[in-house]
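For reference, the structure discussed in these notes is given below.
Each residue takes its place number in the sequence, starting with 1.
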Amino acid sequence: MKRIRFRRSLAALLILTGLLPAATSARTLRVGTWKTAQTIQPFFYAEFMEGGDKVAVFPFTNPADQKTALLAGSLDMCGTTIVHAIHASTLGQPVVLVAALCNKSSALVVKKHGAVQSVQDLRGQRIGYVPGTMHEILLRETLTRHRLSPEKDVTLLRIDFFDMGTALARGDIDAFLSGEPFPTLAVRKGYGRILAYPYYGESIGTINAGMLVTREMIRQKPDTVYRLVKTHARATRYLTGNREAWLAKAATFGTDIDTLRAAADNMALTWDMDKAFVARVKALARRMTALGIIEQEPDYDRLIDLTFVGRVRTEP
């Protein structure tokens, strides 16, 4: 009995002094994202996750389904558009942005040989869009900045992202505002031309999507949230420093690598959030309120938690 106690005491001492690894219960952390080049980081988490945990990545086709799975407890973290995060927060849903995911990725496309040469020329034209998205906000912002009423001066037609190129090519619409790679595909296939990249640095800027967790996750498992954010940051840093590795993996999602190379400058992988990021989220929420998409602005202190990215930012 004394020998058994001695061995246990010795093992405990070795663990405390770092000479013997403590027993760990490896977990599988569940993360949702899209299969697109600009939302690719979770597919690299397994390479950067510390502590023996595994990562299971679940691909979705839209942010609403990801958020639903998150709230149901089926995911530990998921991607979402900033627009969707704001909308969910105003509905009282306990979602929290803990990291950025991507910036840019949008473009306003017109017919290659059409008459539209400026935004003002869109008066009277038919424009494809998807309601409730970042692209809708950017489209409306672009039109109003050029003194065009989205309700009176143009015709907005609801068209799925995957159908916009075909609709433009056959003349069903005169323009569309969408995310990559669809604008670049329109150019490369010869029927489209980029009219504008609708980013406004003094207001909304280039923010696009972020990573969500639940408020309960932060309260109960802050260390897990931190490790996920740290892993997200490490994956992002790797991919931004290794463009070909990024695009080669993205090409496995179905878009050819030459198109992705052409679109790459209009896609920005990111992870950090700072005061400027918060200011742009607020500007976006104000535009959403003015457009009637939400009734009131969210509680930003509940929607955005800078703690985890701030902690990662201080590390080497």
Side-chain angles (χ1 to χ4, degrees), residues 38-39 41 63 67 77-108 119 132-147 150 177 179-180 196-215 218 225-226 228-230 232-233 236-237 240 265-315:
Q38 56 266 44
T39 59
Q41 295 99 307
K67 182 210 64 183
M77 174 186 274
C78 73
T80 190
T81 64
I82 305 301
V83 165
H84 194 73
I86 290 171
H87 187 258
S89 185
T90 63
L91 295 177
Q93 296 173 352
V95 296
V96 185
L97 281 167
V98 291
L101 176 57
C102 66
N103 292 335
K104 303 172 72 174
S105 305
S106 299
L108 178 57
V119 175
T133 64
M134 188 74 194
H135 309 295
E136 179 191 7
I137 307 301
L138 293 174
L139 173 59
R140 291 179 178 275
E141 182 80 359
T142 299
L143 293 171
T144 56
R145 281 173 175 261
H146 291 83
R147 299 182 180 180
L177 204 154
E180 296 289 3
Y197 293 106
Y199 312 125
Y200 303 101
E202 78 283 5
S203 58
I204 298 172
T206 62
I207 61 171
N208 189 328
M211 300 302 292
L212 281 183
V213 299
T214 62
R215 197 165 297 119
I218 291 177
V225 176
Y226 163 69
L228 281 166
V229 172
K230 183 178 181 180
H232 178 70
T236 304
R237 288 166 174 163
T240 54
D265 287 342
N266 190 36
M267 299 184 290
L269 305 182
T270 186
W271 63 272
D272 203 0
M273 303 186 300
D274 55 15
K275 291 182 179 180
F277 176 89
V278 174
R280 287 173 176 172
V281 172
K282 291 180 178 179
L284 175 58
R286 286 193 293 270
R287 292 301 299 138
M288 291 173 66
T289 305
L291 293 170
I293 296 174
I294 57 176
E295 294 183 358
Q296 61 183 10
E297 294 181 49
D299 182 334
Y300 298 106
D301 291 334
R302 292 175 67 81
L303 172 61
I304 305 170
D305 191 330
L306 302 177
T307 304
F308 303 100
V309 292
R311 184 176 169 187
V312 172
R313 198 186 304 127
T314 64
E315 298 178 346

Can you list everything that forms a side chain to side chain contact (heavy atoms under 4.5 Å, CB included) with [X]? Sequence neighbours excluded, please.
| X | answer |
| --- | --- |
| Thr307 | Asp305 |
| Asp272 | Val309, Arg313 |
| Ala268 | Asn103, Lys104 |

Glu141: what forms a side-chain hydrogen bond (donor to acceptor under 3.5 Å, both in side chains) with it, not counting sequence neighbours?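 Counting only residues at least two positions away or on another chain, Glu141 forms a side-chain hydrogen bond (donor to acceptor under 3.5 Å, both in side chains) with Arg145, Arg287.
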With sequence neighbours left out, write down each residue that passes side-chain hydrogen bond (donor to acceptor under 3.5 Å, both in side chains) with Arg280, or none if nothing qualifies.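 None.
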Could you tell me if the side chain of [Y] sits less than 4.5 Å from the side chain of [X], heavy atoms only?
| X | Y | answer |
| --- | --- | --- |
| Leu139 | Leu143 | yes |
| Met273 | Val278 | no |
| Ile204 | Met134 | yes |
| Lys230 | Glu315 | yes |

What is the minimum heavy-atom distance between [X] and [Y], and which atoms define it?
| X | Y | result |
| --- | --- | --- |
| Ala285 | Pro298 | CB-CD, 3.9 Å |
| Ser105 | Asn208 | CB-ND2, 3.7 Å |
| Val96 | Thr214 | CG2-C, 4.4 Å |
| Val281 | Ile207 | N-CD1, 3.8 Å |

If you look only at distance, which donor and acceptor atoms sit under 3.5 Å apart when one is on a side chain in residues 77-93 and the other is two or more places apart or in another chain?
unit_1 : atom_1 : unit_2 : atom_2 : d
Thr81  : OG1    : His84  : N      : 3.0
Thr90  : OG1    : His87  : O      : 2.7
Gln93  : OE1    : Lys67  : NZ     : 2.9

Could you give the distance from [atom1] ([X]) to [atom2] ([Y]), rounded to the nearest 0.5 Å?
| X | Y | atom1 | atom2 | answer |
| --- | --- | --- | --- | --- |
| Ile218 | Phe308 | CD1 | CZ | 5.0 Å |
| Thr39 | Met267 | OG1 | CE | 10.0 Å |
| Met211 | Thr270 | CE | OG1 | 12.5 Å |
| Arg286 | Leu291 | CZ | CG | 13.0 Å |
| Glu136 | Ser106 | CD | OG | 12.5 Å |

Looking at Glu180, is its backbone amide N or carbonyl O close enough to the side chain of Gln38 to form a donor-acceptor pair, meaning the two atoms are under 3.5 Å apart?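 Here the side-chain-to-backbone pair exists.
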Ignoring hydrogens and angles, state whether a donor on the side chain of Glu297 or Thr289 is under 3.5 Å from an acceptor on the partner side chain.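 Not at all, the side chains of Glu297 and Thr289 share no donor-acceptor pair under 3.5 Å.
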Let me know which of Tyr197, Tyr200, Tyr199 forms a side chain to side chain donor-acceptor pair (under 3.5 Å) with Thr142.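 Answer after filtering Tyr197, Tyr200, Tyr199: Tyr200.
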So Ile137 and Ile293, side chain to side chain contact (heavy atoms under 4.5 Å, CB included) or not? Walk me through it. CA-CA 9 Å; Ile137 307 301; Ile293 296 174; 3.2 Å; yes
Steps toward side chain to side chain contact (heavy atoms under 4.5 Å, CB included) verdict (Leu97, Leu212): CA-CA 5 Å; Leu97 281 167; Leu212 281 183; 3.9 Å; yes
